[in-house]
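To start, the structure under review is shown below, and the notes come after it.
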Amino acid sequence: MATDCISPILDSKCKQAFRRRLLAWYAKHERDLPWRKSQDPYRVWISEVMLQQTQVETVKPYFLRFLKAFPTVKNLAAAEESQVLRLWEGLGYYRRARGLHAAAKKIVAEHGGQFPRDVATLQTLPGIGRYTAGAIASIAFNQRAPILEANTIRLLARLLAYPDDPTKSVGQRLLWAMAEEILPRRDVARFNQALMELGSLVCTPTQPKCDACPVARNCAAFQEGLQNEIPRASVKMKFTDVREAVVVVRKNGKVIMRQCGPDERWAGLWDFPRFGIESEGPLFVEEELVAKVRDQTGITAKPGSLLTTIKHGVTRYRITLDCYTAQYKSGRLKGAMRWIRPAELAELPLSTTGRKLANRIIQSASGN
DNA sequence: AACACGGGGCG
DNA sequence: CGCCCAGTGTT
């Protein structure tokens, strides 16, 4: 066996056998996913961006709805950003939606509405990094471009029995090189998707189905019985607990909302007045609510009942969110704040917590 | 190299 | 409740 190979499967004969086994397996087990109906680069692009850090089952309904609203890159480029965000609502990582919209405009303006075909040019578009560029180039254009993402990191790490954290830069360098080494000359679109499919369906994070794996004989981890230890877990980020409050300030049936700025959480989405809570005890909390509502909105309001408490996580924060009502007393709205009617709430793009709250307001305004 | 960025699914 | 997910961009 050649000693300059990254792994046994990179020996050229083994490599060919590996590809053949993988493709044969994929021919049998390929899932029928909505974005596999065609190789239209627009559809591939939308799906790949939606799939960033988001599971296949979650993406399906969003993809179908999005494609119905914006069937082509021109439709997307011509859309209102708020409409794009509205269709993204609930999917998370909203910068992806803004990037998609900006990239669509750029493709129309600078590329005549035609998708770039090469990895380097694809990577100049917002929201398209090394993985997504490789995915579009290979899947839509069958270019010989490697990909590396959650499924294939795990798969390749096991094939190599790579003992360290494969998400660190050393491991990434190695695995990107391997992802390129194993690429076939043709059929790259199917090959790359087959790698991900195998990682997703067989080479799973826990309880990998090695007995059903077409390339178990190429897998160093399996040969050494290490499939449950590899890949080594990455250092986990620890959560910080924080308390936050949102306040539904009401006046003549309207509520105060604002659009989040470009450099903050939920950029482009609308939100209720929201802030951290430091004090303990209902009296001190009420005092803090009044002060922070006034500071943020310019309005003096009297806090009412605690509507609900929602727990959710954002990055490293574990947030306990208390939702209050409050009644307008005095003052004028400042900055980006707006009075919004309940009916308008339905049209604005909101975060998931914002939507939960908004639904209650819409309900109580229309129903009883 | 470390963080920020969401939210849901699953054991 | 902790881990994981078809990553990207900024610092």
Side-chain angles (χ1 to χ4, degrees), chain A residues 30-31 33-36 43-63 85 88-100 102-103 122-136 138-140 146-156 165 167-173 175-176 179 189 192-201 203-208 231-241 260 262-269 271 310-319 321 349-356:
Chain A
E30 174 184 5
R31 284 173 293 181
L33 302 174
W35 44 91
R36 287 181 175 159
R43 296 171 63 96
V44 173
W45 172 47
I46 301 298
S47 69
E48 289 303 338
V49 173
M50 284 188 171
L51 286 161
Q52 289 168 7
Q53 295 290 286
T54 310
Q55 302 194 137
V56 166
E57 289 306 314
T58 306
V59 166
K60 281 181 183 175
Y62 282 90
F63 177 80
L85 284 169
W88 206 268
E89 202 182 276
L91 208 47
Y93 289 129
Y94 298 94
R95 185 173 53 191
R96 293 183 293 174
R98 291 159 55 83
L100 222 45
L122 285 165
Q123 273 201 86
T124 67
L125 297 170
I128 299 186
R130 192 173 180 184
Y131 162 75
T132 304
I136 295 171
S138 64
I139 296 172
I147 56 162
L148 190 65
E149 45 68 72
N151 293 303
T152 59
I153 289 170
R154 188 172 58 248
L155 174 63
L156 300 188
D165 179 354
T167 67
K168 307 292 263 187
S169 61
V170 178
Q172 288 286 297
R173 222 173 359 258
L175 295 184
W176 271 107
N192 277 346
Q193 291 181 90
L195 284 176
M196 293 191 279
E197 199 83 328
L198 186 65
S200 177
L201 299 179
C203 197
T204 47
T206 61
Q207 316 254 327
R232 161 125 52 116
S234 53
V235 290
K236 45 203 170 267
M237 193 144 47
K238 45 189 167 201
F239 282 81
T240 307
D241 288 321
C260 303
D263 294 320
E264 57 180 326
R265 190 194 294 170
W266 296 315
L269 301 188
D271 197 17
I310 300 171
K311 288 180 187 295
H312 69 116
V314 179
T315 320
R316 51 179 274 257
Y317 300 104
R318 187 85 219 161
I319 301 168
L321 181 67
L350 306 178
S351 68
T352 293
T353 55
R355 180 57 64 195
K356 283 176 183 164

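Reminder, nothing fancy here: chain letters follow the sequence lines and each chain counts from 1. These numbers come from a predicted model, not from an experiment.
Taking atom P in both dA4(B) and dA6(C), one finds a spacing of 24 Å when rounded to whole Å. Across dG6(B) and dT11(C), the matching P atoms stand 16 Å from one another, rounded to whole Å.
Spacing between atom NZ of Lys60(A) and atom P of dC5(C) amounts to 18 Å, rounded to whole angstrom units. One can place CD of Glu149(A) at 14 Å from C1' of dT8(C), the figure rounded to the nearest angstrom. Atom CG of Leu51(A) is separated from atom C1' of dC4(C) by 15 Å (rounded to the nearest Å). Put simply, CG on Leu201(A) is 18 Å from P on dC4(C), counting in whole angstrom units. Nucleotide dT8(C) holds its P atom 13 Å from the CG atom of Leu100(A), rounded to whole Å. Remark: C1' of dC4(C) and OH of Tyr93(A) are 11 Å apart, rounded to the nearest angstrom. Trp45(A) places its CH2 atom 16 Å from the C1' atom of dG7(C), with the value rounded to the nearest Å. Atom NZ in Lys236(A) sits roughly 9 Å away from atom P in dC4(C) (whole-Å rounding).
At a threshold of 4.0 angstrom between heavy atoms, the contacts of Ala135(A) with the nucleic acid are absent. In this structure, Trp88(A) reaches neither bases nor backbone, as no heavy-atom distance under 4.0 Å exists between it and the strands shown. In this structure, Gly90(A) reaches the sugar-phosphate backbone alone: every heavy-atom distance under 4.0 Å involves primed, P, OP1 or OP2 atoms, never a base. Using a 4.0 Å heavy-atom criterion, one finds that Ile147(A) contacts no nucleic acid atom at all. Heavy atoms of Tyr94(A) sit under 4.0 angstrom from primed sugar atoms or phosphate atoms, though from no base atom. Using a 4.0 Å heavy-atom distance criterion, Arg31(A) is classed as making no nucleic acid contact. Across all strands, Ile153(A) comes closer than 4.0 Å to no nucleic acid atom at all (heavy-atom distances). Residue-level contact check: Ser47(A) touches neither bases nor backbone, having no heavy atom under 4.0 Å from any strand. At a threshold of 4.0 angstrom between heavy atoms, the contacts of Ser351(A) are confined to the sugar-phosphate backbone, with no base atom among them. Using a 4.0 Å heavy-atom distance criterion, Thr206(A) is classed as making no nucleic acid contact. Residue-level contact check: Arg173(A) touches neither bases nor backbone, having no heavy atom under 4.0 Å from any strand.
Surrounding CD of Gln207(A) are at most 12 heavy atoms belonging to other residues, nucleotides or ligands under 6.0 Å away.
Arg95(A) contributes a side-chain N or O that forms a donor-acceptor pair with the base of dT8(C) under 3.5 Å.
Here the closest heavy-atom approach between residue Arg96(A) and residue Gln52(A) is recorded as NH1-O, 2.8 Å.
In 5' to 3' order, the nucleotides of DNA chain B bounding all contacts with chain A (an atom under 4.0 Å from a heavy atom) are dA1(B) to dG9(B).
Looking at Ile139(A) and Ile147(A), their side chains never come closer than 4.5 Å, going by heavy atoms from C-beta outward. Side chains of Leu350(A) and Lys356(A) form no contact here, defined as non-hydrogen atoms less than 4.5 Å apart. Annotation: side chain of Glu48(A) is not in contact with side chain of Trp35(A) (no heavy-atom distance under 4.5 Å).
Remark on DNA chain C: of its neighbouring residues Arg318(A) and Ser200(A), the 5'-side contact belongs to Arg318(A), judged by nearest-heavy-atom nucleotide. Mapped onto DNA chain B by nearest heavy atom, Thr58(A) and Ser169(A) fall at different nucleotides, with Ser169(A) at the one closer to the 5' end. Residue Leu33(A) is the one, among Leu33(A) and Pro126(A), whose nearest nucleotide of DNA chain C lies closer to the 5' end (criterion: closest heavy atom).
Within the 3.5 Å criterion, the main-chain N or O of Tyr317(A) finds no donor-acceptor partner in the side chain of Thr315(A). Put simply, the side chain of Thr58(A) never gets that close to the backbone of Val56(A): no donor and acceptor are under 3.5 Å apart.
Judged purely by distance below 3.5 Å, without hydrogens or angles, the side chains of Glu149(A) and Thr152(A) pair a donor atom with an acceptor atom. For Arg265(A) and Ser351(A), the side-chain atoms include no donor-acceptor pair closer than 3.5 Å.
Within the 4.0 Å cut-off from OP1 or OP2 of dC5(C), not a single side-chain nitrogen or oxygen of Gln53(A) is found. Between Thr54(A) and dG7(C) there is no side-chain N or O to OP1 or OP2 distance below 4.0 Å.
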